[in-house]
2 protein chains.
Amino acid sequence: MSQRKMQMIERLRRENVRLTRQREIICAMFADHPDQHFTADALWRAFYPEDAVGLATIYRTLSVFEDVGLIKRIDIGDGIARYELADEQAMPHCHLICMTCGRVQEIDGSGMEAALKNVRTREFVVRDQTIVFHGYCSECRENERETKARGKGEIEGGGQDAKG
Amino acid sequence: MSQRKMQMIERLRRENVRLTRQREIICAMFADHPDQHFTADALWRAFYPEDAVGLATIYRTLSVFEDVGLIKRIDIGDGIARYELADEQAMPHCHLICMTCGRVQEIDGSGMEAALKNVRTREFVVRDQTIVFHGYCSECRENERETKARGKGEIEGGGQDAKG
DNA sequence: ATTAATGCAAAAACTTTGCAGCAAG
DNA sequence: CTTGCTGCAAAGTTTTTGCATTAAT
């Protein structure tokens, strides 16, 4: 078994996540393809029919793995969730997505300047750039501080976003 | 009528896109809220019931506006498409998305350093960072060059991405 | 033995599409 | 008038969920 897969399984054990055949082969898939971006469907097909895993299980496993921090969800703007191995130290990187063939390339993005140079090197013509930071806004952190003693806080609502 | 809305309508006219009541009020909504991020559903509700617009029409209009370059689609990773005004000169900017309340804040992102400083200023705790460039890879541009004389090129397939 | 995970199928959520009627140019 | 747009409803996709069964610890 690969070093990487071992580490992943180790992590699952630490988090008290039960290790099943399904989880193990999904683990292996990510471990063996450290820089690929998998859709749930792609995984399902990759295993079918020999090591078939129910699609629902794949979705649930991806969710678990993401919660545990084993993999990272990436959205490239087509409404289909992709997942990649959450690489050590979460080295920031960019995704180059071809608007023609849809291929996803990965490049270093520790600095915007370096990233842009990298883009040029690959002769990739940038048509649009998206930078998204996920995290916690000051208000929510404040709220959480205040309501720490109470039950679960509201997850919905608030803010200036126009989501319905 | 606002300057911005006028410009947008001007643009539509230039592109030979027919101006309808529905398109005009959607236009106005974006013009009046230059830095909000609208979901199709949010727009639908905003107009309902007084200036009701069919949801299908909203989706189609958003698609048209995007093609024309009036608005820009942003994906923040929850599987729901949002649209924002495609600001003049497409000044690069980042989106700060709160993992608790879901609010989307917008900050300048012309340089990664500036962006990060900006993030700090807002006391936004970054948990994850995503940078995506959309554009055209060298292979596809080459293919296009070669097949310029032929009919439509394939849009699917190819590449190292694991999409099914 | 317990407790959690799986698989199936049904449902949900968002988006797209077919088609008849309507409206813009 | 002609062509393209709208609205409705039906269908399509991706993802989630309920529940009985199965498997991990």
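By convention in this document, chain letters (A, B, ...) are assigned in the order of the sequence lines, proteins followed by strands, and residues within each chain are numbered from 1. Just so you know, these numbers use all the heavy atoms, side chains as well, and skip hydrogens, waters and symmetry mates.
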*Step through the shown structure and confirm whether more than 12 heavy atoms of other residues, nucleotides or ligands are within 6.0 Å of CD on B/E10.*
yes
_If you count heavy atoms of other groups shown closer than 6.0 angstrom to CE of A/M1, is the number above 12?_
yes
Taking the side chain as C-beta and beyond, is there a heavy-atom pair between [X] and [Y] under 4.5 Å?
X     : Y     : answer
A/M29 : A/L43 : yes
B/L12 : B/C27 : yes
A/H37 : A/I74 : yes

Flag, side chain of [X] to backbone of [Y], donor-acceptor distance under 3.5 Å:
X     : Y     : value
B/R13 : B/M8  : no
A/W44 : A/V53 : yes
A/R73 : A/L62 : no

Atom-to-atom span, [atom1] of [X] to [atom2] of [N] - whole angstrom:
X     : N      : atom1 : atom2 : result
A/R82 : D/dT14 : CZ    : P     : 10 Å
A/W44 : D/dT16 : CH2   : P     : 17 Å
B/L12 : D/dG4  : CG    : P     : 16 Å
B/R45 : C/dA13 : CZ    : P     : 11 Å
A/I80 : C/dC14 : CD1   : P     : 16 Å
B/F47 : D/dT6  : CZ    : P     : 12 Å

_B/Y59: which residues meet the ring-ring contact (aromatic ring centres under 6.0 Å, His included) condition with it, sequence neighbours left out?_
none
*Please list, chain by chain and in numerical order, all residues satisfying ring-ring contact (aromatic ring centres under 6.0 Å, His included) with A/F47, sequence neighbours excluded.*
none
_Contact list for residues 23-33 of chain B, test side-chain hydrogen bond (donor to acceptor under 3.5 Å, both in side chains), sequence neighbours left out_ = B/K5-B/E24
_At 10 degrees resolution, what angle do the end axes of the helix from C/dA1-D/dT25 to C/dG25-D/dC1 form when each is taken over five base pairs?_
40°
*Would you kindly compare B/Y83 and B/R13 by the position of their nearest DNA chain C nucleotide and give the one closer to the 5′ end?*
B/Y83
_Residues touching DNA chain D, which here means a heavy atom under 4.0 Å, drawn from residues 51-66 of chain B_ = B/A52, B/V53, B/G54, B/A56, B/T57, B/R60
*Which residues within residues 14-31 of chain A lie with some heavy atom under 4.0 Å of an atom in DNA chain D?*
A/R18, A/L19
